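The structure under discussion appears below in the form of structure tokens.
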Amino acid sequence: MTAFKKTAGIPLLLGALALPMTLSAQETAPEDTNIDVYGQAMTEGPEVEGIITARTGDTMTVTLENGTRTDIIIDDGTEIKATGGFLGLSSKKLTSRQLLNGLPVEVETLQFSGGLVASQIKLKASDLETAAMIRGATAQQFAEHRTDIDANAAAAEALRGRMANIDQYNVRGVTNVYFDSGKWNISADGQREICDIASQAEAMDNALLLVVGYTDSDGDEDYNQVLSERRAGRVVNYLQQKCGWQPWRMLTPTGMSESDPAADNSTPEGKAQNRRVSINILVSKATEEAEG
């Protein structure tokens, strides 16, 4: 791991003891140079803004909106900050364990011969909440929290059963919420439409909601997968927090990236129709047959 010092111009004593310095005793580092514990000069790197799409050890991959991927080292000296006040996170120092896939970040970096090191990572607390929700609704949770899943095996199996038997439901209503390119914020019209379909479903006995996110064909495939999941997650949050929809009345939300396009991706109008989240009202066929 590469530790670094953010104060410019003064080599660390630890570096002098561990390995020979690259600067002689008579030389001083430029004012804009940082020194790591190995005596290597570090200069200010680019600011990287995008979505975390991979984590491997102490390295995270940030994918930009144009699909470019950048690997960045997370060091013990990396400062991780959240803004927005979700559960008081803005007043606490976050850890690298909270840098989840799908999380939008702004990263200030330092550059050395081995690549980029994050000096500061900034994120929004509300985005951390959404990323955690998405993680909790996917198979990743089943792998990482096997003990908890086993303790609640009946509930987990029931959830898997719902998805495995999706063809046993009738679709009783569909609403599409549309998004700007590269965005997952819900418009005022979208907010009204989300609560409208929740009200429709509430009036139906035993109705469930299935939320599926999509993107257009622009951008990197990995980025679009994360983006489609974020859109689905944002709609699920709104359904539960603003429209009063109960979590147990939902199937697992999912992102389908650019698959199943609703329109032609070769035109701007078609792409606009494909940047959507589909909210589906589902009612069990067996329940309807029994009532009929």
Side-chain angles (χ1 to χ4, degrees), residues 102 126 129-142 145 148-149 151-179 183-215 225 227-263 272-292:
S126 59
E129 178 187 13
T130 301
M133 187 281 299
I134 292 172
R135 180 176 182 175
T138 63
Q140 186 174 6
Q141 186 187 44
F142 293 114
H145 303 287
D148 293 338
I149 293 300
N152 297 279
E157 190 59 36
L159 181 60
R160 294 191 193 97
R162 284 180 175 180
M163 290 305 295
N165 299 308
I166 194 67
D167 60 337
Q168 297 180 17
Y169 291 90
N170 289 322
V171 179
R172 292 303 180 210
V174 179
T175 289
N176 287 317
V177 179
Y178 298 97
F179 296 81
K183 307 296 182 182
W184 54 89
N185 295 331
I186 304 172
S187 67
D189 287 342
Q191 292 172 4
R192 286 191 293 270
E193 292 166 353
I194 292 170
C195 285
D196 283 347
I197 195 168
S199 296
Q200 294 175 38
E202 189 66 44
M204 303 179 191
D205 292 337
N206 301 311
L208 302 174
L209 291 181
L210 172 64
V211 176
V212 185
Y214 299 92
T215 69
Q225 179 59 41
L227 182 58
S228 67
E229 293 174 358
R230 292 199 60 78
R231 287 172 175 168
R234 184 59 61 89
V235 168
V236 168
N237 278 350
Y238 197 86
L239 275 166
Q240 297 177 2
Q241 297 169 7
K242 302 298 183 181
C243 306
W245 191 257
Q246 297 299 318
W248 60 269
R249 297 185 65 185
M250 300 197 68
L251 300 183
T252 305
T254 187
M256 294 294 290
S257 187
E258 57 196 66
S259 63
D260 299 330
Q273 293 182 56
N274 293 331
R275 296 190 298 266
R276 71 197 190 278
V277 166
S278 176
I279 308 171
N280 303 266
I281 302 175
L282 303 181
V283 177
S284 169
K285 292 179 180 179
T287 298
E288 290 194 327
E289 290 171 0
E291 292 176 350

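Nothing here was measured: the structure is a model prediction, and the numbers come from that model.
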Problem set entry | Electrostatic pair R275:E258 at N-O distance under 4.0 angstrom | no
For this session: Determine yes or no for a side-chain-to-main-chain donor-acceptor pair under 3.5 angstrom, with N274 supplying the side chain and A262 the backbone.
Result: yes
Exercise. Out of curiosity, E193 CD to C243 SG, how far, rounded to the nearest 0.5 Å?
Worked result: 11.5 Å
Problem set entry | Test item: V235 and I279 side chains (from C-beta on) under 4.5 Å apart, heavy atoms | yes
For this session: Could you grab the distance from atom SG of C195 to atom CH2 of W245, nearest 0.5 Å is fine?
Result: 11.5 Å
Problem set entry | Side-chain H-bond candidate by donor/acceptor type, N185 with S187, under 3.5 Å | no
For this session: Could you check if a side-chain atom of L227 sits within less than 4.5 angstrom of a side-chain atom of R231, using non-hydrogen atoms only?
Result: yes
Exercise. Any side-chain heavy atom of F179 within less than 4.5 Å of one from I186?
Worked result: yes
Exercise. Distance under 6.0 Å and angle within 45° of the ring axis: does R276 meet both against Y178?
Worked result: no
For this session: Please round to the nearest 0.5 Å and tell me the distance separating atom CG of N280 and atom CG of L210.
Result: 5.0 Å
For this session: Taking N170 for its side chain and V283 for its backbone only, find out whether a donor-acceptor pair lies under 3.5 Å.
Result: no
For this session: Give, for atom CZ of R234 and atom CD of E229, the distance between the pair rounded to the nearest 0.5 Å.
Result: 14.0 Å
Exercise. Can you find a heavy atom in the side chain of L209 that is under 4.5 Å from one in the side chain of L239?
Worked result: yes
Problem set entry | Residue pair V171, L282: steps toward the side chain to side chain contact (heavy atoms under 4.5 Å, CB included) verdict | CA-CA 5 Å; V171 179; L282 303 181; 3.6 Å; yes
Problem set entry | Heavy-atom check, side chain of V236 versus side chain of M250, under 4.5 Å | yes
Exercise. Does the side chain of I281 reach to within under 4.5 Å of the side chain of M204, using non-hydrogen atoms?
Worked result: yes
Exercise. Heavy atoms, side chains only, cut-off 4.5 Å: are I194 and V177 in contact?
Worked result: yes
Problem set entry | Evaluation steps, side chain to side chain contact (heavy atoms under 4.5 Å, CB included), between V211 and V277 | CA-CA 7 Å; V211 176; V277 166; 3.5 Å; yes
Exercise. Does the side chain of V174 come within less than 4.5 Å of S278's, by heavy atoms?
Worked result: yes
For this session: Could you walk me through whether R249 and E202 pass salt bridge (Lys or Arg N to Asp or Glu O under 4.0 Å), step by step?
Result: CA-CA 10 Å; R249 297 185 65 185; E202 189 66 44; 3.4 Å; yes
Exercise. Any donor and acceptor pair, going by atom type alone, linking the side chain of S228 with main-chain N or O of S257 inside 3.5 Å?
Worked result: yes
